[in-house]
Amino acid sequence: MAPSVLQNGGFILGVIGAAALIAAIAMNKWSVKDRQGDVVTSVYTYKGLWQDCETASSGFTECRPLYGLLGFAGSFQAVRALMVVGVVLSVLGSVISVFSLTCLTMNTMEVSSKAKMSLTAGIMFIIAGICGIAGASLYANQIVASFRMSTYNPNYGGGFDGGMQGGGMGGGMGGIPRYTFGPALFVAWIGGGVLLVGGILKSVAFKGMVQDDKSHYPGVAYKPQSRSRPDHDDQHSEGKRDQKYV
């Protein structure tokens with residue numbers, strides 16, 4: 001496959017993955033209230049990385065921002081950090097990928113420079129994808145632990161891992177709340193996977209671009225000129241003629 005096709009495919013997948021991570025980190029539905037077996041369904045609770053929200057049956061929604069850094073568990077802070085790092089790296093990788101495209105001609109930029117930029121963008125995409133998948137998986141693990149604890153322990157208060165999100169909003173409504181996976185988790189997983197594939201394509205394109213650059217290198221082999229014997233003899237003959245005329 002041509003390096004330009006791999007590079008363009010990696011760029012498109014990287015942009016899509018970056019947009020998915022940005023959408024996931026901005027969504028509030030990382031965990032949603034499980035309504036299975038719930039008698040009271042007039043209040044719908046869901047949680048995000050930056051705020052907790054409740055939606056009433058009348059359509060009124062109220063959200064509480066999650067301020068501060070010290071009031072939450074370390075696992076929740078780790079999820080935030082991983083997602084922020086993933087978004088930053090994916091955006092930077094997308095910007096670098098634009099300048100590394102072979103279809104864009106720029107003055108005084110060699111193919112080797114574009115190949116290095118393509119490899120840098122690919123590494124950024126791979127790290128961003130790993131961060132996105134790891135952050136979503138860590139959050140999902142806390143949801144599973146909370147769901148099991150609330151199911152088998154009737155005295156459990158419903159908080160994520162002893163206060164992962166400080167209990168959230170509506171902790172005492174409708175009995176003990178149980179939370180399940182929200183759509184933001186799936187968006188983060190898909191975005192991380194797309195970034196991984198895009199980073200791999202960019203890295204493979206780097207190898208092809210370097211090989212093409214070496215095969216088309218405008219070098220000329222130097223071959224020294226050798227003095228021929230007749231020229232030396234001609235010089236001696238001309239010298240002898242000059243002596244005769246003198």
Side-chain angles (χ1 to χ4, degrees), residues 1-31 48-50 75-144 181-216:
M1 189 176 292
S4 60
V5 177
L6 295 173
Q7 193 183 38
N8 294 333
F11 168 70
I12 295 173
L13 293 179
V15 172
I16 294 175
L21 287 189
I22 294 173
I25 199 174
M27 294 174 66
N28 292 326
K29 292 185 178 182
W30 279 68
S31 61
L49 296 181
W50 313 107
S75 56
F76 182 60
Q77 299 291 357
V79 173
R80 281 180 167 181
L82 287 171
M83 295 303 299
V84 170
V85 171
V87 168
V88 172
L89 289 179
S90 61
V91 172
L92 289 178
S94 300
V95 174
I96 295 175
S97 295
V98 174
F99 296 99
S100 66
L101 293 176
T102 55
C103 59
L104 297 178
T105 57
M106 297 182 182
N107 295 329
T108 67
M109 181 173 286
E110 299 178 354
V111 178
S112 60
S113 300
K114 288 190 174 184
K116 294 177 181 178
M117 295 175 67
S118 178
L119 178 62
T120 302
I123 294 174
M124 286 185 175
F125 284 157
I126 292 174
I127 297 176
I130 293 174
C131 289
I133 294 174
S137 300
L138 181 59
Y139 196 96
N141 182 54
Q142 299 298 326
I143 293 177
V144 172
F181 295 165
L185 282 176
F186 300 100
V187 174
W189 277 323
I190 294 173
V194 171
L195 282 171
L196 280 177
V197 177
I200 293 173
L201 291 180
K202 297 285 288 185
S203 301
V204 174
F206 163 76
K207 185 176 180 181
M209 293 172 66
V210 171
Q211 291 178 352
D212 291 345
D213 186 35
K214 289 183 179 179
S215 61
H216 295 88

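The heavy-atom pair separating G17 from V194 by the smallest distance is N-CG1, 3.9 Å. Between A188 and A136, the closest heavy-atom pair is CB-CB, 3.8 Å. Considering every non-hydrogen atom in both W50 and I25, the closest pair reads NE1-O, 3.0 Å. Heavy-atom minimum distance, F11 versus S97: CD1-CB, 3.4 Å. Here the closest heavy-atom approach between residue A24 and residue V187 is recorded as CB-CG1, 3.9 Å. Taking both residues in full, the closest heavy atoms of A128 and G86 are given as CB-O, 3.3 Å, listed atom of the first, atom of the second, then distance.
Here the CD1 atom belonging to I190 is positioned 11.0 Å from the CD1 atom belonging to I133, to the nearest 0.5 angstrom. Atom CD1 in I12 sits 11.5 Å away from atom OG in S94 (nearest 0.5 Å). Within the model, atoms CE of M27 and CG of L49 stand 10.5 Å from one another, a figure rounded to the nearest 0.5 Å. We find the CG-CD1 distance between L195 and I130 to be 10.5 Å, quoted to the nearest 0.5 Å. The line from CG of L13 to NZ of K202 is 10.5 Å long, rounded to the nearest 0.5 Å. Note that the CG atom of L119 and the CE atom of M124 stand 10.5 Å from one another [nearest 0.5 Å].
Using a 4.5 Å heavy-atom threshold, the side chains of C131 and L21 count as separate. At least one side-chain heavy atom of I22 sits under 4.5 Å from a side-chain heavy atom of V91. Between F125 and I200 there is no side-chain heavy-atom pair separated by less than 4.5 Å. Between I143 and W30 the shortest side-chain heavy-atom distance does not fall below 4.5 Å.
In this structure, Q7 contributes its side chain and S100 its backbone to a donor-acceptor pair below 3.5 Å. In terms of modelled atom types and a separation under 3.5 Å, the side chain of S118 and the main chain of K114 share no donor-acceptor contact.
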Residue pair S75, N141: steps toward the side chain to side chain contact (heavy atoms under 4.5 Å, CB included) verdict = CA-CA 10 Å; S75 56; N141 182 54; over 6 Å; no

List the steps and the verdict of side chain to side chain contact (heavy atoms under 4.5 Å, CB included) for F181 and V144.
-> CA-CA 9 Å; F181 295 165; V144 172; 3.8 Å; yes

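Contacts classified as side chain to side chain donor-acceptor pair (under 3.5 Å) and involving residues 186-195 (residues at least two apart or in different chains) are given here: S137-W189.
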